[in-house]
Number of protein chains: 2
Amino acid sequence: MNKDAHIVTSFDNDLKTVETLVLEMAGLVEAQVNDCVTCLLKQDLELVESIRASDKRVDQLETEIGDMAIRILVQRQPMAQDLRAVVVALKMVSNLERIGDYAKNVAKRASVVTELTPLGSSNETISRMSEIVQDMIRGVVDSYVARDKDMADHWRHKDEDVDLIHNTLFRELLTYMMENPRNITSCMHLLFIAKNFERMGDHTTNIAEQVHYMVSGALPDDDRAKSDLTSSITVDLDE
Amino acid sequence: MNKDAHIVTSFDNDLKTVETLVLEMAGLVEAQVNDCVTCLLKQDLELVESIRASDKRVDQLETEIGDMAIRILVQRQPMAQDLRAVVVALKMVSNLERIGDYAKNVAKRASVVTELTPLGSSNETISRMSEIVQDMIRGVVDSYVARDKDMADHWRHKDEDVDLIHNTLFRELLTYMMENPRNITSCMHLLFIAKNFERMGDHTTNIAEQVHYMVSGALPDDDRAKSDLTSSITVDLDE
């Protein structure tokens, strides 16, 4: 076996290990996104604790994968797509960690919102957002492992659905608040919860863009339509 | 000049360049944090455009610094504190970029909020949050350049002030909403604006922790007291 072949194999093994850890991390985060909605709908407060525990493991994995990626860069000095694969792994884990953080934040609020009355179909709408985000996470991580740019692009565009649902829910919740001041506290927390899912979608989109970059060497050049309009929504009392 | 000395010098030069770019980026972000409040208070909508423009440069700098850091890792194979300095630069720019993003988000909402009536002293309170965040950004970036762990720790703890102001403002705004439904839309946007500053404080804290790690080789072990309590705040109509 010549020296080059040896180096290539070691690099491949290293990268395989990174991939395995990224998959473990993504699986945990996806479960958190699922569980935080269960906290909300089923008033399952034990699950809030379990999400916190899983968050510790997610943080550990972020550090572990980060350290490993840096070690690979320094020791193996990869080039071209191999180099990008390591750099992208670094960025993926930072985005995944953040998605987990948002899930933890939703779970924390759930313990307040469950004490309050459910409003219209807002819980179902939030479930729907969560399902799309979970599909997106699974999809972009699969596209990373498969090094499939088109698959990454497909999931990147799914974020528009999350944004559209978010816009509608935002308006709906503002209306409930105006109808009855007793709804205000619940709605506030629901608005922040919905915003958390919208941000999860954004971070998953970031990962998809990174996978696109990893495979092609360039970020996608079609600026994805910005569909989150809630920062400019006003609801008129007389409308 | 021996080979080792040459390598050290090149590395130092590279790191100096990274530092200079990080300082430029931090300066731009600090200005964005300042300007987004001016958008809000002075109804200066031209400034919203200027923040967007500056955001493009911030994104460019993030990419530039990121590419440079990776190149240094691969080419110079730094060790110990030198290695950490490069890795920390990578994480710093990702946090700085995010702070800029939050400032942009505040500026976007400002164009809505300015059409609406100011509420109590909420504008002044938000100015105060912004000033502390700006001080923190300047402080942690100085501590990075000075490689000063104690300075980093000092600024890390300042985030508690941001969180306390945020908690108080959160309650105040909920009260305004309950008093008069006509306040609801403004308050909603102000709540999201306040939340954005609270997140900026968190990201600056992340940078401070990274500087601590760069200098000492370990993250701070005192888990900073979590002072953001807004996710569990409920305001009772009858209280």
Side-chain angles (χ1 to χ4, degrees), chain A residues 63 66-67 69-79 83-84 86-87 90-91 94-95 98 101 104-113 115-116 170 173-175 177-182 184-189 191-193 195-196 199 202 219 228 230-238, chain B residues 63 66-67 69-79 83-84 86-87 90-91 94-95 98 101 104-113 115-116 170 173-175 177-182 184-189 191-193 195-196 199 202 219 228-237:
Chain A
T63 309
D67 289 350
I70 301 295
R71 195 177 55 70
I72 296 175
L73 289 175
V74 173
Q75 287 183 356
R76 310 261 177 238
Q77 303 164 52
M79 292 196 303
L83 172 59
R84 294 198 298 273
V86 179
V87 174
L90 265 175
K91 298 203 176 170
S94 135
N95 279 292
R98 232 151 252 293
D101 246 19
K104 198 174 63 175
N105 197 283
V106 169
K108 275 201 289 185
R109 285 186 197 274
S111 58
V112 180
V113 176
E115 292 170 15
L116 312 157
F170 192 95
L173 290 170
L174 275 186
T175 315
M177 289 167 115
M178 289 175 177
E179 278 172 11
N180 184 352
R182 291 188 184 273
I184 287 177
T185 304
S186 299
C187 282
M188 265 306 313
H189 287 289
L191 281 165
F192 276 106
I193 287 169
K195 183 76 189 166
N196 282 334
R199 298 295 295 148
D202 287 350
L219 287 169
D228 176 30
T230 57
S231 58
S232 57
I233 286 178
T234 56
V235 172
D236 197 323
L237 267 180
D238 311 314
Chain B
T63 309
D67 289 351
I70 301 294
R71 195 177 54 68
I72 296 175
L73 288 176
V74 173
Q75 287 182 356
R76 309 264 176 233
Q77 304 163 51
M79 291 196 304
L83 172 58
R84 293 198 299 273
V86 179
V87 175
L90 265 176
K91 297 202 176 171
S94 136
N95 279 291
R98 229 152 254 294
D101 246 19
K104 198 175 62 173
N105 196 285
V106 169
K108 276 201 290 184
R109 283 186 199 274
S111 59
V112 180
V113 177
E115 291 170 17
L116 312 158
F170 191 95
L173 289 171
L174 276 186
T175 315
M177 289 167 116
M178 289 175 177
E179 278 171 12
N180 184 352
R182 291 189 183 272
I184 287 176
T185 304
S186 300
C187 282
M188 264 307 313
H189 287 288
L191 280 165
F192 276 105
I193 287 170
K195 183 77 188 166
N196 282 335
R199 299 294 295 148
D202 287 350
L219 287 168
D228 175 31
L229 306 169
T230 57
S231 59
S232 56
I233 286 178
T234 57
V235 172
D236 196 322
L237 267 180

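Here the structure is a predicted model, which means the values were calculated and not measured.
Only the side chain of Ile70(B) comes within contact range of chain A, with heavy atoms under 4.5 Å apart. In this structure, chain B has a heavy atom under 4.5 Å from the side chain of Asn95(A), while its backbone stays farther away. Only the side chain of Met188(B) comes within contact range of chain A, judged by heavy atoms closer than 4.5 Å.
The side-chain heavy atoms of Leu191(A) and Met177(A), taken from C-beta on, include a pair separated by under 4.5 Å. Side-chain contact between Glu179(B) and Thr175(B) is present, with at least one heavy-atom pair separated by less than 4.5 Å. Counting heavy atoms from C-beta outward, Lys104(A) and Asp101(A) have side chains that approach closer than 4.5 Å.
In terms of heavy-atom pairs under 4.5 angstrom with chain B, the leader among Ile72(A), Leu73(A), Leu90(A) is Leu73(A). Interface check for chain B: of the options Gln75(A), Lys195(A), Arg98(A), the most heavy-atom pairs under 4.5 Å are formed by Arg98(A).
Residue Phe192(B) holds its CZ atom at 9.0 Å from CG of Asn196(B), rounded to the nearest 0.5 Å.
The two residues Pro78(B) and Leu83(B) make their nearest non-hydrogen contact at O-CB, 3.6 Å.
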